Amino acid sequence: MTRVGVVVPPANPAVEPEFARLLGAHADLHVTRFPVQPCLSLSERLNAYNGALPGMIRSFGGLPLDALVMACSGARYLLGPVEDRRRCAELSAEFGLPVASATEATRQALAHLDTETITLISPYQPWLTIHADRFWTAAGVRIAQVVAVKAGQRFAPYEVTTDQLVAQIEQAGVAQDGVLLLTGTGMPTLHAIGRLTAGNARVILTSNLCGAWWALTSTGLPVTLGGAEHAAQVEQVAT
């Protein structure tokens, strides 16, 4: 059986359940979490995740993995796409298995779909959304629109509900076609995909969806990504 390793921030509520549904019977999921560092600011904590990643991969010990995903988009937005890709390549070479961040997996998914323009849906604090916008622009992707998503009155990715996510995207007047990127591995997204694609031509990509797609394809398993068929498959998985 294919084994996929995932490294996730300590309080992230979405990665395990969404990866488990997306991987299904195709791969076993194995998870380790970054250390809790409550005295650091968010930016310091995200940078610390980048530095801790090699050690977290080693924490799997002798467990043979077929692919590994760093499921934390925010940390890589601080690096930029070139440095993100370089570090993923170095880790792949060091550990002898495919390694990608959530952002590198997303970049490859966008390239797979030949996507040049996206609508960016971000639950982050404004300063981190700016970094996300700059990251994708530097990666050669045009941002048609940025939609900030809140949990109630504050930016809290882990607390956003499906109803809040869908309502704020629709209230923003997002186009009925094109690619929407729902960034952030900790924002639950799977149950929103079917609702956001009902009766329109949108393609929805999420950090966890792209991570799971990358993990499976990197191990040689064929996975469809994009289009109405893809949306229907994900909706079935998520229900």
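None of the values given here were measured: they were computed from a predicted structure.
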P98 side chain reached by T219 side chain, heavy atoms, under 4.5 Å = no
Are more than 12 heavy atoms from other residues, nucleotides or ligands located less than 6.0 Å from atom CZ of R87?
-> yes
Side-chain atoms of residues 108-120: list all donor-acceptor pairs with protein atoms under 3.5 Å, sequence neighbours left out, distances to 0.1 Å.
from: Q108; atom 1: NE2; to: E104; atom 2: OE2; distance (Å): 2.9

Flag side-chain contact, heavy atom, 4.5 Å: L209 against T189 | no
Take V15 and V31 through the side-chain contact (heavy atoms from CB on, under 4.5 Å) test and state the conclusion after the steps.
-> CA-CA 9 Å; V15 166; V31 178; 5.6 Å; no
Is there a path of hydrophobic side-chain contacts, each under 4.5 Å between heavy atoms of I, L, V, M, F, W or Y residues, that connects L42 with L53?
-> yes
Find out whether Y49 and P10 are in side-chain contact, i.e. whether some heavy atom of one side chain is under 4.5 Å from a heavy atom of the other.
-> yes
Compare every heavy atom of L29 with every heavy atom of E16, then report the nearest pair and how far apart it is.
-> O-CD2, 3.7 Å
Quick one: which of P123, P126, S122 gives a side chain to side chain contact (heavy atoms under 4.5 Å, CB included) with F155?
-> P126
Can you tell me how far NE2 of H30 sits from CZ of R3, rounded to the nearest 0.5 angstrom?
-> 5.5 Å
Euclidean distance, T103 OG1 relative to R76 CZ, rounded to 0.5 Å = 6.0 Å
Is there a path from M187 to Y158 through hydrophobic residues (I, L, V, M, F, W, Y) whose side chains come within less than 4.5 Å of each other?
-> no
Is E94 salt-bridged to R58, going by a charged N under 4.0 Å from an acidic O?
-> yes
So, for G211 and V69, which heavy atoms are closest and what is the spacing to 0.1 Å?
-> O-CG2, 3.8 Å
Any side-chain heavy atom of F135 within less than 4.5 Å of one from H131?
-> no
With hydrophobic residues grouped by side-chain heavy-atom distances under 4.5 Å, do Y77 and V82 end up in a single group?
-> no
Could you tell me whether H26 atom NE2 has more than 12 heavy atoms of other residues or ligands within 6.0 Å of it?
-> no
Approximate separation, where rounding is to 0.5 Å, of T2 OG1 and L221 CG | 5.0 Å
Taken to the nearest 0.5 Å, the spacing of K150 NZ from L165 CG works out to 15.0 Å
Euclidean distance, L40 CG relative to L46 CG, rounded to 0.5 Å | 10.0 Å
Taking all non-hydrogen atoms of both residues into account, name the closest pair between G184 and S73 and its distance.
-> N-OG, 4.0 Å
same_hphob_cluster(V223, M1) at 4.5 Å side-chain heavy-atom cutoff | no
Does L65 reach the side chain of I57, with side-chain heavy atoms less than 4.5 Å apart?
-> no
Quick one: pull up CG in D84 and CE in M70 and give me the separation to the nearest 0.5 Å.
-> 8.5 Å
Under-4.0 Å salt bridge between E83 and R86 | yes
Which atoms form the tightest heavy-atom contact between R45 and Q37, and what is the distance?
-> CD-O, 3.9 Å
Would you indicate whether the side-chain heavy atoms of T183 and Y124 approach each other to under 4.5 Å?
-> yes
Should T106 and W136 count as side-chain neighbours, where that means a heavy-atom distance under 4.5 Å?
-> yes
For A67 and A215 the tightest heavy-atom approach is CB-O, 4.0 Å
Do L182 and L196 have side-chain heavy atoms sitting under 4.5 Å apart?
-> yes
Look at the side-chain heavy atoms of Ile, Leu, Val, Met, Phe, Trp and Tyr, link any pair under 4.5 Å apart, and say whether L68 and L79 land in one connected group.
-> no
